[in-house]
Structure formats: C-alpha cells, structure tokens
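Some notes on the structure that comes next.
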Protein chains: 2
Amino acid sequence: MLRDRVCQKLRQQILSGELPPHTRLPSEANLMKSFGVSRVTVRQGMRTLAGEGLIYSLQGRGSFVSAPRATYNLSALLGFHEAMRSMPFNATSRLLSFRQVAADREVAIALKVKRGDSVVEIRRARCLNGRPVSLDLSYFPRDIGERLQNQNLDGDIFPLLESRGVRLGRSRLWIEARGCPEAYAVDLSVAPGTPILQLSRLTLSPLGRPIDYEYLFCRGDAFQYKVELERHPF
Amino acid sequence: MLRDRVCQKLRQQILSGELPPHTRLPSEANLMKSFGVSRVTVRQGMRTLAGEGLIYSLQGRGSFVSAPRATYNLSALLGFHEAMRSMPFNATSRLLSFRQVAADREVAIALKVKRGDSVVEIRRARCLNGRPVSLDLSYFPRDIGERLQNQNLDGDIFPLLESRGVRLGRSRLWIEARGCPEAYAVDLSVAPGTPILQLSRLTLSPLGRPIDYEYLFCRGDAFQYKVELERHPF
DNA sequence: CAGTGGTCTAGACCACTGT
DNA sequence: CAGTGGTCTAGACCACTGT
C-alpha cells in the first residue's frame, strides 16, 4: 500500500535516531511530491504514526518527531526489553562494565550480605530510538552474579537468570527525584544536576532471597512509569 | 464539524443501548446520504468510533457495534464506576437488595466474624451501555454496613465508605471460572450454566481489618480483567 | 451479482503560525 | 504574507462477502 511506504520510511528514520525527537518532518506538500501520492494518503500515513506515538502535529507549524515516552509498568516485574516489546520504540542496551566490588552499606542491607562482601556490579545504558534514557546499576550476590559472567548482557537479565536456574518472585520499588550525579550525566546526555528519576528496585526469589538490587537513573522526559498503588499509602 | 455529527449520533445510539452489540450500522453510502456528507467524512467519523472501541468493520460485510469489553484493572482497588470513568462506556448500577443476613462459612472466615453472625449484604447489577455485565454481592461487617443504610448505592461503595470515615487499604483477589448459577442467570441475561467469571475480593483497612468481602459474577464477554501478577505464582 | 468496506486521487477552503 | 496542518468534497477502482 502507498500509505505504508510513507509510514515505513518515516518510522525507520525515527527509530534509527536519524530523525531525533522534536525534529520537523517534511511538510505534507513535500511528502506528497517525494512519495508521489495524494494528500489524503500522506495524512493517513501520518495518522498511523501519530497513533503509534511516534509523531505529533501542530496546526500551522508542522509535524514533529515525538520524544519517546514509553509506559514502563514497573510492578509487572519485567525487564526493560520485555516491557518495551509492545512499544513502538527501538530498545537497545549497552553493557558499560561488569566487575566485582565491595558492597556498600545500602547494597549490603538490600542483598543481606556483610558490608564489604564481594558482590557483582553490572552497569548498563538503555536507549530508545538510539538515545539514552536510563542508566542501570545492578548488584547481585556473588554466586548469582557469577552465572552472568561471559553472557550477552545486551538484553534483559531476568530471563537470562531464569534460564540459568534462578527463580524470581516479587520485587519492591522505591522512587525518588534527584539531580543527575556528575558520574552519570555523560551517559544520559544531560547536564549534571538535571532532575532525574532514581528508582531502586529489590527483586527477591520466591522464597524471599535477595537476587538483584538495582538503581535506575532515568531521564524524566523519556518514560512514563506506572506502578500499581495501594489506595492510600500507609 | 461535520464528522462530529456522525460520531455523536452513532455514539449516543450505542451508549444508550439503542444499537445493541453486533448490530450492523447503516452502510457508509447510507450515512453519506442521511448526514449529507462525503464518504471521507463518514469514514473519519467511523474511524474515531473504532478508535474508541465502539465499532468494528468487516470488509464486504459492514460495520458493527462492538461488545463493550472494558479493561477493569482489579489491582488498582477501584470501584466499578471509578474504573470505567476513563472508558467510552456508559456505566450504570442498580441496587437489587440491601439486607442483613447470617454469615455463611466463607463470608464469616473472610470478614473474621462468627458463622451465623449478622452481616450486611448488598446485591447490585452493573451495566455497560444498558446491558448487564456483572452481578455484585458484597458483604460488610454489621457496623460498617450500617453506615451505608439509606445511602444512594447506585454509584461506587468505596468512595462512599471513605466519605463516611472508613479507610481502605489493600485487597486480595481470587479468580475462577464457573457455570452461571441459576439464581443470577436472569440478572445477567445469560442461560444458567453459561461460563462466567467469578471474582472474590476481600478488601482490608490499612490496619488489616476486613471491610468488604465481595463476589462478582461477570459475563466473560463483557470485560477484560487486568491483574498485576507476580512473575511466577508461588 | 449487487453491496460492502479499503484505498487512493485531485482539488478546495479554512484556521493558524511566524516573518 | 507564504506556508503549515485541519476539514471536506466528488469521484474512482479495488477486494471481499453473501446470495
């Protein structure tokens, strides 16, 4: 179909990052010419992309690439790629480092190990449409972290752990807003001090053993987070 | 706008129940004539309604009224009307009975009262677009149920309770499929034995006191239920 | 076969934005 | 003012369904 050609071309350019967020798309008149189709057909294609959340239009000004704002349902206990699978975004991860470190106070308490005990730290950057949206710092008890050694960590860790015999149960989540620490500013492409969301998530085995304590430093403009809440916090 | 006239007229007919689910709408050609608009305008209106989930189209056959299939997020601890507020459906409730009864075994355990103790029972029918979708049986400890006496129970009970000083905390939910009991078949407009969903929901105060034990007998074709799950039940 | 929705064209007038 | 997206018309050809 003609309209699909318009969709696919623009979608590819957006998902690849070639057209970054808030870029103006060619005008409808230009798209008519370059694709050799009528205006209705151009508009049907644009409407499809708008429905996917990839573009938005402003009368008198033009159509623009949306900033990806995926809904990340944190209570479903899904990894980043699992959660993004149903979204019209191109989700990628990049392993930054994998090392053994001494547990600091917070990590030690969360993972129920002694302060200074050796734990496995994994740092990864998550991208949507080629732009960084979050930085993940995960800490695992040593015996569990070792099962991830020499694995491909560009995907989700949860399914990987499960395939290696680690069962997951429930997780607990804390959310706060803070200024972006200098150490993470470059990887997130924001200025230090920019308000970001920090999520801390502890995932437990079905029997309550700590499996993973994770910090996510998230650009606030990238996600909508969803957490099922009690009616009133108490 | 012309297309809005098409939308509004059809939407009103669907929400009022005048056009029941699976009814064929007038053909696009007929709508063009009766509204005096072009085909594109008719189709834009139809697309809006399809986006709202109110109609669906089959090539070569026609366009039809959708069966309302709302997503009812049960874990959010919302009442029926609260949950439906964002849906394009016309949600109504009807009080069937309000009485004091002796607690049977299951209710007594759930509400932590003695078997045979007096509890308040409220029976209500819930409708979407004028058609019955579920039958609710709610049981309250007597002191709480009494606060609902002489209240308007056509809306949600949760906000009503809260306005009368009862705080709600969390709820637990059980789901099962069963044949529709004869006693409820008429109110649900199904034949006895038709597979329906039975939900049992116990709602607790923030301090863990049982507030409400509720059975929902739901037509399976009316809802999509959503419950956040643990990764693996255990 | 007649009737349905799916796709597409060429053209019009409009409201709105920015210069 | 020129350029943008928003709405709408009249008409065409098509694939599909049911008789």
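Below, chains carry the letters A, B, ... as their sequence lines are ordered, and counting in each starts from 1.
At dC16(D), none of the side-chain N or O atoms of Arg61(B) fall inside 4.0 Å of OP1 or OP2 (strictly under the cut-off). OP1 or OP2 of dC8(D) has at least one side-chain nitrogen or oxygen of Arg3(B) nearer than 4.0 Å. For dA10(D), the OP1/OP2 oxygens have no side-chain nitrogen or oxygen of Ser38(B) closer than 4.0 Å. Residue Thr41(B) places at least one side-chain N or O under 4.0 Å from the OP1 or OP2 atom of dT9(D). Close to dG5(D), at under 4.0 Å from its OP1 or OP2, lies no side-chain N or O of Ser57(A).
Judged by distance alone, with hydrogens and angles left aside, Arg39(B) brings a side-chain donor or acceptor within reach of the base of dG6(C), the pair sitting under 3.5 Å. Under 3.5 Å, the side chain of Arg43(B) and the base of dT7(C) form no donor-acceptor pair of N or O atoms.
Note: His22(A) and Tyr56(A) have perpendicular aromatic rings, judged against thresholds of 30 and 60 degrees for the angle between ring planes. Ring geometry for Phe217(A) versus Tyr215(A): interplanar angle under 30°, hence parallel rather than tilted (30 to 60°).
With a 6.0 Å radius and a threshold of 12 heavy atoms from other residues, nucleotides or ligands, Arg94(A) has its CZ atom at or below the threshold.
Along DNA chain D, the nucleotide nearest to Met46(A) and the one nearest to Val40(A) differ in position, and the one closer to the 5' end is contacted by Met46(A).
Atom CD of Gln44(A) and atom CE of Met1(A) lie 8.5 Å apart (nearest 0.5 Å).
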